[in-house]
2 protein chains.
Amino acid sequence: MTPDTAVHAVRSIDATLTVRRPDGSPCADTEVLVEQTRHEFAFGNIGFDFVGLANQEQGAGRENVFGGADPAAAGRLEELFLDVFNTATLPFYWAGFEPAEGRPDTARLQAAARWFRDRGVAVKGHPLVWHTLAPDWLREHTDAEVEEIVRARVRREVSSFAGLVDTWDAINEVVIMPVFSNEERQNAITRLCRRIGRIPTIRLAFEEAHGTDPATTLVLNDFNLGTAYECLIEGVLEAGVQVDAIGLQSHMHQGYWGEERTQEVCDRFARYGLPLHWTETTLVAGDLMPAEIVDLNDHQVDEWPSTPAGEQRQAEDVVRHYRTLLAHPAVQAVTYWGITDQGAWLGAPAGLVRADGTPKPAYDALRGLVKEEWWLAPTRLRTDGEGRVAVRGWAGDYAVSAAGGTASWQLRADAPTAVVTLP
Amino acid sequence: MTPDTAVHAVRSIDATLTVRRPDGSPCADTEVLVEQTRHEFAFGNIGFDFVGLANQEQGAGRENVFGGADPAAAGRLEELFLDVFNTATLPFYWAGFEPAEGRPDTARLQAAARWFRDRGVAVKGHPLVWHTLAPDWLREHTDAEVEEIVRARVRREVSSFAGLVDTWDAINEVVIMPVFSNEERQNAITRLCRRIGRIPTIRLAFEEAHGTDPATTLVLNDFNLGTAYECLIEGVLEAGVQVDAIGLQSHMHQGYWGEERTQEVCDRFARYGLPLHWTETTLVAGDLMPAEIVDLNDHQVDEWPSTPAGEQRQAEDVVRHYRTLLAHPAVQAVTYWGITDQGAWLGAPAGLVRADGTPKPAYDALRGLVKEEWWLAPTRLRTDGEGRVAVRGWAGDYAVSAAGGTASWQLRADAPTAVVTLP
């Protein structure tokens with residue numbers, strides 16, 4: 001099976017659609033136009049660069065650890081983002097979101113979330129609990145206070161963004177959390193996790209978040225994709241914590257992993273019967289980071305340019321990676337980590353768009369998959385005597401037009417037989 | 001603090017002993033002789049080599065994966081073993097213990113356990129559940145049968161050895177168990193663990209063993225000493241499985257780890273409040289295994305001699321390692337993995353005794369610690385007017401002699417004030 005047919009074998013649905021006239025009678029022997037309008041599969045990217053634009057800010061983008069095009073540049077990126085991605089990850093890094101205790105950046109992030117939703121993009125919040133970028137002020141609190149403040153933070157964010165944010169990374173990188181030592185002064189989240197243990201810390205995040213908004217999708221997210229994460233997940237599930245999806249990071253600054261390793265990771269984590277979200281995918285379009293770097297944050301370079309050869313490799317790697325992931329039935333979401341090189345994490349040329357706003361080959365290649373190869377372009381079909389057409393397409397939203405009217409249809413794997421009534 | 005004083009600071013107990021005459025009156029102003037007869041701390045070694053001797057077998061030792069001096073050679077080793085070690089690990093590798101289904105080697109191992117106990121040596125069984133050396137015949141059973149057969153095996157061994165074996169490695173190497181792939185045909189234990197999960201597999205072993213003999217000490221044992229094992233332990237404890245001790249392997253065929261790493265491992269695993277058993281310690285007295293070998297079993301060499309330089313290094317490493325471990329209050333047992341080079345695992349010169357039966361410098365060095373530096377030699381003290389003497393010693397058994405009689409006294413950290421009555 002070629003990669004293409006493997007992806008289609010997993011994702012394509014053979015549907016039978018009955019088209020009815022406004023009066024309920026079958027729209028028989030009629031030409032209908034079926035066209036896809038949205039993927040159900042979450043093709044995500046970070047939306048960090050658009051926070052300023054959504055808030056009509058001027059001038060340089062506000063400081064942000066990961067990504068941060070200025071609002072004018074973001075304006076030029078908007079169309080490129082919206083053409084490919086249907087999901088945006090927004091930054092809730094605590095140190096940046098609430099630099100002074102009690103003064104969270106809620107309104108600004110709400111505006112950003114609304115901006116995306118108005119454009120048909122689902123929003124994911126990242127992350128509710130994480131040791132890195134924990135606020136300095138949290139350290140000054142006692143153990144008991146820290147736990148209560150973390151609980152309150154989870155409740156506050158989930159509550160403030162109910163209806164705006166569908167999915168949260170409830171907690172990030174717990175495998176290393178209690179033994180994290182790459183910092184001068186130990187942060188308060190590591191202290192908490194070390195004191196109460198990994199699973200109680202995870203339970204805290206999930207229980208507070210689900211308790212506040214039972215409808216939200218909560219992801220356990222990690223960069224560790226080895227047996228440690230497996231053991232953690234097994235412990236969390238045994239402990240009865242309701243995990244909605246397993247988050248797998250894949251920052252490949254040190255080079256593409258290849259199909260075999262990626263497939264092996266999918267297989268190992270699919271064993272838990274939960275959807276897999278590839279939450280943070282990076283493939284650089286320049287020099288690779290040396291393999292001996294363990295914490296990617298330790299790699300500091302003055303300049304890390306996007307190069308023609310690097311861009312070509314990135315485009316090929318992006319296609320190979322997405323084909324591998326989409327061919328695995330457990331994978332439900334893939335978020336690329338960077339729309340533009342401007343302000344990219346570590347200065348890496350990881351964006352799909354150059355700092356000057358022009359798309360790289362990887363952007364075009366990914367668009368080719370998402371909006372062409374894996375997308376049902378407007379297709380003319382003829383209904384049979386009972387008003388039925390056979391449609392082979394991916395789960396998602398479709399427009400069905402006939403006899404001067406257009407109806408919307410949601411194609412789902414669990415409902416391959418459906419009826420639409422024209423308006 | 002020097003390593004010596006660190007060890008003594010952790011292990012020495014300042015005790016006050018009141019010596020009474022047979023009539024109960026204080027044995028005042030009398031010279032008493034106090035001498036240690038046994039350590040409470042478990043100084044262990046494998047007892048594999050003595051199974052044939054204990055069973056009066058003749059000729060070549062029966063095939064054994066780990067260790068296997070012939071009975072005659074074992075006879076010459078007996079005194080060396082008993083002079084230093086108070087705990088012996090006996091092999092219950094399932095494939096060897098029950099090569100044909102339903103025909104376990106119970107009587108032979110019972111004789112070996114009894115042989116050790118008769119000589120004052122506590123016996124540990126290794127291991128009840130492990131994917132490596134699972135019997136081939138187990139593979140032919142269905143999933144449901146495998147689980148029931150494993151449960152029955154645990155019950156059978158714990159029951160058959162109650163009163164002979166105090167401590168079991170209840171389950172071995174679970175971190176890798178469900179993803180173990182270094183074999184041509186998948187063994188049935190990996191299949192079981194993959195199907196039901198790591199924690200249910202651990203629960204199975206512990207519950208059956210504790211259910212059969214509540215008094216037995218059950219160890220969770222692994223060679224993985226990283227975050228994966230931490231996550232596994234946290235999950236197991238959250239799940240309410242009663243783990244009595246955390247087992248840490250340390251086969252250092254690739255070189256001594258050094259004090260810092262060893263201390264760091266102790267600190268990380270001591271966080272769970274459970275005793276630490278260093279269950280499998282190896283330091284070779286010859287060439288080191290290349291660092292790139294991941295599964296030590298993959299290293300096959302025709303000859304791996306014990307060399308004078310290697311023996312010198314081994315002696316130094318043994319002393320450094322034991323000093324580091326004994327200085328950590330959570331460590332309750334250290335088992336060295338090999339008394340003799342004869343039949344040693346992987347052919348490695350890991351023994352404390354050469355294949356020709358002569359002790360290596362490491363043997364003498366370890367004996368110097370266990371029976372001299374850390375041991376209370378016969379000491380003459382004078383009781384005060386109330387029959388009291390102050391004794392500074394390690395937890396263990398002591399003989400107290402005065403006025404023509406000898407009493408035994410067990411010095412424990414939780415009972416530093418004690419009374420003995422002379423016979």
Side-chain angles (χ1 to χ4, degrees), chain A residues 131 171 173-182 186 190-204 206-207 220 222-241 243 246 260-261 263-274 291 294-295, chain B residues 131 171 173-182 186 190-204 206-207 220 222-241 243 246 260-261 263-274 292 294-295:
Chain A
H131 52 277
I171 190 162
E173 304 181 355
V174 185
V175 168
I176 206 176
M177 188 175 276
V179 292
F180 184 73
S181 58
N182 199 2
Q186 189 183 64
T190 287
R191 197 175 98 212
L192 172 69
C193 191
R194 194 175 168 85
R195 184 172 65 83
I196 69 174
R198 290 175 172 93
I199 295 173
T201 308
I202 293 169
R203 182 187 285 123
L204 173 165
F206 278 77
E207 285 188 354
L220 180 68
D222 216 298
F223 68 86
N224 184 312
L225 306 184
T227 50
Y229 195 29
E230 291 178 40
C231 290
L232 182 67
I233 291 166
E234 294 183 28
V236 166
L237 298 179
E238 278 288 325
V241 178
V243 174
I246 294 173
E260 195 178 351
R261 173 173 167 194
Q263 169 75 39
E264 185 265 343
V265 171
C266 287
D267 285 345
R268 273 192 296 111
F269 289 96
R271 286 195 289 139
Y272 305 112
L274 291 169
V294 175
D295 185 331
Chain B
H131 51 279
I171 190 162
E173 304 182 356
V174 184
V175 168
I176 206 177
M177 187 175 278
V179 292
F180 184 74
S181 58
N182 199 2
Q186 189 183 63
T190 287
R191 196 174 100 212
L192 172 70
C193 190
R194 193 173 169 88
R195 183 172 66 83
I196 70 174
R198 289 175 172 93
I199 295 173
T201 308
I202 293 169
R203 183 187 285 123
L204 172 165
F206 278 77
E207 285 187 356
L220 180 68
D222 216 298
F223 69 86
N224 185 311
L225 305 184
T227 51
Y229 194 31
E230 291 178 41
C231 290
L232 182 67
I233 291 166
E234 293 183 29
V236 166
L237 297 179
E238 278 288 325
V241 178
V243 174
I246 294 173
E260 195 177 352
R261 173 173 167 196
Q263 170 75 39
E264 185 265 345
V265 171
C266 287
D267 285 343
R268 273 192 296 110
F269 290 95
R271 285 195 288 140
Y272 306 111
L274 291 169
E292 65 270 18
V294 175
D295 184 332

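In this text, all values refer to a predicted model and were calculated from it rather than measured experimentally. Just so we're on the same page: letters track the sequence lines, and every chain starts at 1.
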Just wondering, are more than 12 heavy atoms of other shown residues or ligands nearer than 6.0 Å to CD in B:E260? no
For A:E238, is it the side chain, the backbone, both, or neither that has a heavy atom closer than 4.5 Å to a heavy atom of chain B? side chain
Between B:T190 (side chain only) and B:M177 (backbone N and O only), is there a donor and an acceptor less than 3.5 Å apart? yes
Relative to chain B, which segment of A:R198 carries a heavy atom at a distance below 4.5 Å: side chain, backbone, both, or neither? both
I need the minimum non-hydrogen distance between A:T201 and A:C193, along with the two atoms involved. OG1-CA, 3.4 Å
Contacting moiety of B:R203, where chain A heavy atoms sit under 4.5 Å: side chain
For A:V179, is it the side chain, the backbone, both, or neither that has a heavy atom closer than 4.5 Å to a heavy atom of chain B? side chain
Flag the pair A:I171 / A:F206 as yes when at least one side-chain heavy-atom distance between them is below 4.5 Å, and no otherwise. yes
When the 4.5 angstrom heavy-atom criterion is applied to A:R194 and chain B, the contacting part is both
How long is the gap from CD1 on B:I176 to CZ on B:F223, to the nearest 0.5 Å? 4.0 Å
Sort out for me which of A:G226, A:G235, A:A228 touches chain B most, counting heavy-atom pairs under 4.5 Å. A:A228
Heavy-atom cut-off 4.5 Å, strictly under: side chain, backbone, both or neither for A:Y229 against chain B? neither
Is there a side-chain contact between B:V241 and B:L220 (heavy atoms, below 4.5 Å)? no
